[in-house]
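Structure record follows, encoded as structure tokens.
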Amino acid sequence: QVPLVESGGGLVQAGDSLRLSCTASTRGFFDWAMGWFRQAPGEEREFVAGINWSGANTAYADSVKGRFTISRDHVKNSLYLQMDSLKPEDTAAYYCAGRQDYGLRTEVHEYDYWGQGTQVTVSS
């Protein structure tokens, strides 16, 4: 197992911004596909954004397209999710996920490693 650790969640108001970060505590993930997922209470975990190993290719859920930006920094061994114009419906636990893969992955079952999650709560 490669522990992934998320940070940056919190309680914000609608329209605010947050930036989530994810890092691996035991190794780098230079050659990994990475993604962000979220899960609201009583709901299934859903794809938010994905990025390939180089950062050249990204994908977003329709619900966040134009508001969220996924990025990665190989020097800092970190993955980020910039979330702008937050809405109450964005409230969920957000999870970082990784897979040793040069492609771009968007499905929960395609990822091997997961973080413990960070809570994002958006008030109206």
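Note that the coordinates shown come from a computational prediction; the quantities given were computed from them, not determined experimentally. Values below: every heavy atom of this structure, side chains too, minus hydrogens, waters and symmetry copies. If you read the sequence from its start, that first residue is 1, and numbering goes on from there.
No chain of hydrophobic side-chain contacts below 4.5 Å, direct or via other Ile, Leu, Val, Met, Phe, Trp or Tyr residues, connects Y111 to L104.
Y60 places none of its side-chain heavy atoms less than 4.5 Å from the side chain of V48. At a threshold of 4.5 Å between non-hydrogen side-chain atoms, the residues S78 and S21 do not count as touching. The shortest distance between side-chain heavy atoms of L18 and V120 falls below 4.5 Å. Looking only at side-chain heavy atoms (C-beta outward), T23 and L4 stay at 4.5 Å or farther from each other. The shortest side-chain heavy-atom distance between L79 and I51 falls under the 4.5 Å cut-off. Between T118 and L20, some side-chain heavy-atom pair lies under the 4.5 Å cut-off.
Listed by chain and number, the residues in a side-chain hydrogen bond (donor to acceptor under 3.5 Å, both in side chains) with S123 amount to none (sequence neighbours excluded). Listed by chain and number, the residues in a salt bridge (charged side-chain N to carboxylate O under 4.0 Å, His left out) with R99 are D101 (sequence neighbours excluded). In this view, Y102 and W53 satisfy the ring pair (Phe, Tyr, Trp, His ring centres under 6.0 Å) rule, not counting sequence neighbours. Listed by chain and residue number, nothing satisfies the side-chain hydrogen bond (donor to acceptor under 3.5 Å, both in side chains) test with D73 (two or more places apart in sequence, or in another chain). The salt bridge (charged side-chain N to carboxylate O under 4.0 Å, His left out) test applied to E110 returns R105, not counting sequence neighbours. Listed by chain and residue number, nothing satisfies the salt bridge (charged side-chain N to carboxylate O under 4.0 Å, His left out) test with R45 (two or more places apart in sequence, or in another chain).
Ring centers of F37 and F47: under 6.0 Å apart, within the cut-off.
Pairs passing the disulfide (SG to SG under 2.5 Å) check and including a residue from residues 70-124, sequence neighbours excluded, read C22-C96. Evaluation of the ring-ring contact (aromatic ring centres under 6.0 Å, His included) test over residues 65-92, restricted to residues two or more places apart or in two chains, returns F30-H74. A ring-ring contact (aromatic ring centres under 6.0 Å, His included) check over residues 6-29, counting only residues at least two apart or in different chains, returns nothing. Evaluation of the side chain to side chain donor-acceptor pair (under 3.5 Å) test over residues 6-19, restricted to residues two or more places apart or in two chains, returns E6-Q116, S17-D84. For the disulfide (SG to SG under 2.5 Å) condition, no pair includes a residue of residues 24-74, sequence neighbours left out. Annotation: side chain to side chain donor-acceptor pair (under 3.5 Å) contacts involving residues 61-70, sequence neighbours excluded, comprise R38-S63, D62-K65, R67-D90.
Atom CG in N57 sits 4.5 Å away from atom CG in N52 (nearest 0.5 Å).
Between S124 and P88, the closest heavy-atom pair is CB-CG, 3.8 Å. Closest approach of T91 to Q119, counting heavy atoms only: CG2-NE2, 4.0 Å.
With hydrogens and angles left out, the side-chain atoms of D31 and Q100 include a donor and acceptor closer than 3.5 Å.
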